[in-house]
**Q** 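First the structure, then my questions, so here it is.
No hydrogens, no waters, no symmetry mates; every other heavy atom, side chains included, goes into these values. What you see is a predicted model; the values in this text were computed from it and never measured. Start at 1 with the first residue, then count along the sequence.
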Amino acid sequence: MFKISATSKRGGIWDGNKVVREVETDDVKTATAMKARGYAVEEFTLALDAMNVPQLKKYAKEHNIDLGEATQKGPILEIIKAAETK
């Protein structure tokens, strides 16, 4: 995940609805482009419990964790945590 913040030279960031001081994204391409345009970009790790289902699925795929038929947050979290304790 990346946190993109407006700098003093940049008044704000358009988030699709309004201008804000910072946004979060997991898109590397967006973070790289915003950094090149002078925005402050910092990378951080989102805690598993704070992730939503699409983020958990992406995390599992990146870590080669088979989720089987799990589609809900609770069972997905259990599978990921079990895989990481092995």
**Q** Which distance, rounded to the nearest 0.5 Å, do you find between the CD1 of I4 and the CE of M1?
**A** 9.5 Å

**Q** List the residues meeting side-chain contact (heavy atoms from CB on, under 4.5 Å) with E22, not counting sequence neighbours, and say none if there are none.
**A** K3, S5

**Q** Not counting sequence neighbours, list each pair that qualifies as a ring-ring contact (aromatic ring centres under 6.0 Å, His included) and has a residue in residues 64-84.
**A** none

**Q** The criterion is side-chain contact (heavy atoms from CB on, under 4.5 Å); which residues satisfy it with K35, sequence neighbours excluded?
**A** V41

**Q** Any ring-ring contact (aromatic ring centres under 6.0 Å, His included) involving residues 67-86? Give me the pairs, sequence neighbours left out, ordered by first then second residue.
**A** none

**Q** Do any pairs count as a ring-ring contact (aromatic ring centres under 6.0 Å, His included) and have a residue in residues 64-86, sequence neighbours left out, and if so which ones?
**A** none

**Q** So which heavy atom on N52 is nearest to which on P54, and how close?
**A** OD1-CD, 3.1 Å

**Q** Measuring from atom CG of L77 to atom CG of L56, what distance do you get when rounded to the nearest 0.5 angstrom?
**A** 5.0 Å

**Q** Quick one: list whatever passes side-chain contact (heavy atoms from CB on, under 4.5 Å) with V20, sequence neighbours left out.
**A** I13, D15, K18, V23

**Q** Is there any salt bridge (Lys or Arg N to Asp or Glu O under 4.0 Å) pair reaching into residues 54-65, and which pairs are they, with sequence neighbours excluded?
**A** D26-K58

**Q** Could you list all the ring-ring contact (aromatic ring centres under 6.0 Å, His included) pairs where at least one residue sits in residues 45-84, not counting sequence neighbours?
**A** Y59-H63

**Q** List the residues meeting side chain to side chain donor-acceptor pair (under 3.5 Å) with D66, not counting sequence neighbours, and say none if there are none.
**A** none

**Q** Tell me the closest heavy-atom pair linking A83 and I65, and the distance in Å.
**A** CB-CG2, 3.9 Å

**Q** Please name the pair of heavy atoms, one in A40 and one in T7, separated by the smallest distance, quoted to 0.1 Å.
**A** N-CG2, 3.7 Å

**Q** Output all residues satisfying side-chain contact (heavy atoms from CB on, under 4.5 Å) with V28, sequence neighbours left out; order by chain, then residue number.
**A** F2, T32

**Q** Please, which pairs that meet side-chain hydrogen bond (donor to acceptor under 3.5 Å, both in side chains) have at least one residue in residues 71-82, sequence neighbours excluded?
**A** D49-K81

